[in-house]
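A short write-up of the structure that comes next.
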Amino acid sequence: EIKNSLDQKLVEFVAAIEKRYHLKKISPVLFNNIRDYVLRDGKRVRPALFVVGYLGFSKKPRKDFYTSALSLELLHDFMLVHDDIIDKSDTRRGKPAMHSMLNAYLKSYPGIKFNGQDLSIVLGDVMYAMAIDAFLAIQEEPRRKEKALRKFIETAIFTGSGEFIELVEGLQDISKIKKQTIYKVYDFKTAYYTFSSPLATGSILAGASDAQVDIVCEFGTNLGRAFQIRDDILGLFCEEEQIGKSAMSDLQEAKKTLLIWYAYHHVDQDTQHKIRHILTKGDVTRDDLLTMREIVETSGSLAYAKKEIVRLRDTAIKVISQSTIKPKF
């Protein structure tokens with residue numbers, strides 16, 4: 001029900017943005033590509049959790065809180081556009097990535113000095129501004145609104161920082177990576193951005209106490225870590241048609257996931273050499289993917305990761321049981 005409401009509001013918001021800023025008149029290419037991208041079917045996890053946080057603590061929902069929730073979805077879209085450029089990923093949500101669409105458009109202009117990646121960076125920036133516009137829609141008490149906006153800005157800062165440290169730490173050899181470093185990346189890139197912050201932002205807008213906001217943040221951190229581990233499993237063991245991106249993308253980017261870290265520390269030296277070779281070769285093949293899948297399974301890493309998911313989920317449930325958030329709206 002929440003997702004359906006968000007999807008409807010998203011269509012309305014995109015139309016309102018065009019009317020307010022005349023984006024189509026400025027550039028049909030700019031507006032049409034943004035509209036195509038943000039209206040793609042998605043899980044809407046972040047805005048849905050914003051709604052959960054808000055309704056869980058609000059006495060009487062204020063006007064346009066659903067539109068404000070879209071700020072988290074648009075922030076997500078902005079991040080994805082830039083993320084796909086960094087990851088050299090050509091697909092997103094089962095369709096061409098933003099830069100892929102723009103590269104296709106630019107094919108009819110040979111010899112130009114910029115490409116789809118360059119244009120995508122600019123469109124991503126526009127989408128971030130749209131996110132701020134959406135956030136401001138709610139008719140809520142100014143003090144709460146300012147406090148929640150700072151939480152939203154914090155989300156953007158922390159998520160960008162998470163992306164940065166993942167890339168920088170990725171330069172390290174797998175033998176030097178520590179478990180706490182992997183969880184640090186998970187927290188900034190996923191747990192805070194996808195779970196803790198949307199819940200906290202909605203809760204703050206609704207007037208939740210600092211203690212209650214801390215509880216939903218801790219809940220979100222544990223759930224977010226579990227989510228990311230699950231995502232790593234899907235990224236390694238599922239095919240492109242199931243996850244909407246290449247099954248080899250994480251290996252191609254040499255991501256130091258919990259799966260890879262545990263496997264490396266629970267195999268012999270020859271297998272460690274294989275792991276290191278795959279992570280550093282630069283051009284990962286299908287055979288490399290199958291080899292890594294086998295290593296992760298036989299080392300016990302897959303079983304370990306699944307146990308971590310259960311542990312983190314159970315911790316999250318225990319934490320949220322201490323909250324006064326309403327279980328039903």
Side-chain angles (χ1 to χ4, degrees), residues 1-24 30-58 61-84 92-93 95 98 120 123-142 144-160 190 192-206 208 216 220 224 329:
E1 184 179 339
I2 290 173
K3 183 182 183 298
N4 289 339
S5 296
L6 288 165
D7 284 338
Q8 181 183 340
K9 284 293 182 183
L10 189 55
V11 173
E12 294 172 4
F13 178 74
V14 171
I17 280 289
E18 200 287 318
K19 186 176 181 180
R20 188 176 306 140
Y21 299 107
H22 308 291
L23 292 181
K24 198 168 185 179
L30 181 149
F31 175 70
N32 290 337
N33 277 281
I34 288 178
R35 180 180 59 187
D36 174 87
Y37 196 86
V38 303
L39 294 184
R40 291 179 184 181
D41 190 33
K43 296 183 288 291
R44 314 291 187 235
V45 172
R46 296 158 190 83
L49 289 176
F50 176 105
V51 171
V52 168
Y54 184 80
L55 293 180
F57 290 100
S58 64
R62 297 294 185 93
K63 183 182 177 183
D64 291 328
F65 77 90
Y66 262 101
T67 302
S68 286
L70 295 177
S71 62
L72 275 301
E73 182 69 15
L74 291 163
L75 176 65
H76 179 51
D77 289 333
F78 153 70
M79 296 288 185
L80 291 180
V81 168
H82 288 189
D83 204 40
D84 287 339
R92 176 58 64 180
R93 290 173 172 167
K95 294 183 179 182
M98 179 68 83
S120 292
L123 260 65
D125 295 341
V126 174
M127 290 157 69
Y128 180 71
M130 288 170 60
I132 300 293
D133 190 289
F135 181 88
L136 295 173
I138 190 170
Q139 305 298 307
E140 188 52 86
E141 181 186 322
R144 291 182 186 175
K145 201 167 177 178
E146 180 183 348
K147 188 176 179 181
L149 179 59
R150 289 188 183 279
K151 177 63 70 174
F152 177 86
I153 293 168
E154 184 181 80
T155 306
I157 292 172
F158 283 178
T159 307
T190 301
Y192 192 82
Y193 158 56
T194 303
F195 293 90
S196 293
S197 178
L199 282 166
T201 305
S203 300
I204 291 168
L205 272 175
V216 298
F329 314 126

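Everything quoted here is computed from the prediction, not taken from an experiment. FYI, side chains are in, hydrogens and waters are out, and symmetry mates aren't considered; it's all heavy atoms of this structure.
Between Phe78 and Tyr128, the two ring planes are tilted [angle within 30° to 60°].
Ile204 has its side chain out of reach of Arg150: every pair of non-hydrogen atoms, C-beta onward, lies at least 4.5 Å apart. Contact check for Val45 versus His76: no side-chain heavy atoms found under the 4.5 Å cut-off. You'll find the side chain of Leu205 stays beyond 4.5 Å of the side chain of Phe57, heavy atoms only. Annotation: side chain of Glu1 is not in contact with side chain of Asn4 (no heavy-atom distance under 4.5 Å). Proximity of Tyr193 to Leu72: side-chain heavy atoms (C-beta onward) are nowhere separated by under 4.5 Å. At a threshold of 4.5 Å between non-hydrogen side-chain atoms, the residues Val126 and Tyr21 do not count as touching.
Of all heavy-atom pairs between Pro198 and Arg46, the closest is CB-O, 3.2 Å. Across all non-hydrogen atoms, the minimal contact from Glu141 to Arg62 is N-NH1, 4.1 Å. Between Met79 and Gly160, the shortest heavy-atom distance links the atoms CE-N, 4.4 Å. Taking each heavy atom of Ala206 and Ser58 in turn, the nearest pair found is CB-N, 3.6 Å. Scanning both residues, Val51 and Ala69, for their nearest heavy atoms gives CG2-CB, 3.8 Å. Taking both residues in full, the closest heavy atoms of Leu74 and Met130 are given as CD1-O, 3.8 Å, listed atom of the first, atom of the second, then distance.
Side chain of Lys145 to main chain of Ile138: a donor-acceptor pair is present (N/O by atom type, distance under 3.5 Å, no hydrogens or angles).
Rounded to the nearest 0.5 Å, atoms OH (Tyr66) and CG (Asp7) are 11.0 Å apart. Distance CG/Leu39 to CZ/Phe13: 11.5 Å, rounded to 0.5 Å. Of the inter-residue distances, the one linking Leu23 atom CG with Asn33 atom CG reads 12.5 Å to the nearest 0.5 angstrom. To the nearest 0.5 Å, atom CD of residue Glu73 and atom CG of residue Leu70 are 7.5 Å apart. The distance from the CE atom of Met127 to the CD1 atom of Ile17 is 12.0 Å, given to the nearest 0.5 Å. Once rounded to the nearest 0.5 Å, the distance linking CZ of Arg92 with CG of Asp84 reads 4.0 Å.
Ion pairing of Lys95 with Asp41 is absent here, as no side-chain N (NZ or NE/NH1/NH2) approaches a carboxylate O to less than 4.0 Å. The pair Arg93-Asp77 counts as a salt bridge, with a side-chain nitrogen and a carboxylate oxygen less than 4.0 angstrom apart.
Side chains of Glu140 and Tyr54: a donor on one and an acceptor on the other come within 3.5 Å.
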Quiz item: side chain to side chain contact (heavy atoms under 4.5 Å, CB included) between Leu123 and Val81: does it pass, once the steps are laid out?
Solution: CA-CA 8 Å; Leu123 260 65; Val81 168; 5.6 Å; no
Quiz item: Could you walk me through whether Val14 and Phe31 pass the side chain to side chain contact (heavy atoms under 4.5 Å, CB included) check?
Solution: CA-CA 9 Å; Val14 171; Phe31 175 70; 3.9 Å; yes
Practice problem: Could you please spell out the steps behind the side chain to side chain contact (heavy atoms under 4.5 Å, CB included) verdict for Arg35 and Glu18? | Solution: CA-CA 10 Å; Arg35 180 180 59 187; Glu18 200 287 318; over 6 Å; no
Practice problem: For the pair Leu75 and Phe135, evaluate side chain to side chain contact (heavy atoms under 4.5 Å, CB included) and give the outcome as yes or no after the intermediate values. | Solution: CA-CA 10 Å; Leu75 176 65; Phe135 181 88; over 6 Å; no
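With Ile34 as the partner, the side-chain contact (heavy atoms from CB on, under 4.5 Å) test is satisfied by one option alone out of Asp36, Asn32, Val38: Val38.
For residues 47-57, the set of pairs meeting the salt bridge (Lys or Arg N to Asp or Glu O under 4.0 Å) definition, not counting sequence neighbours, is empty.
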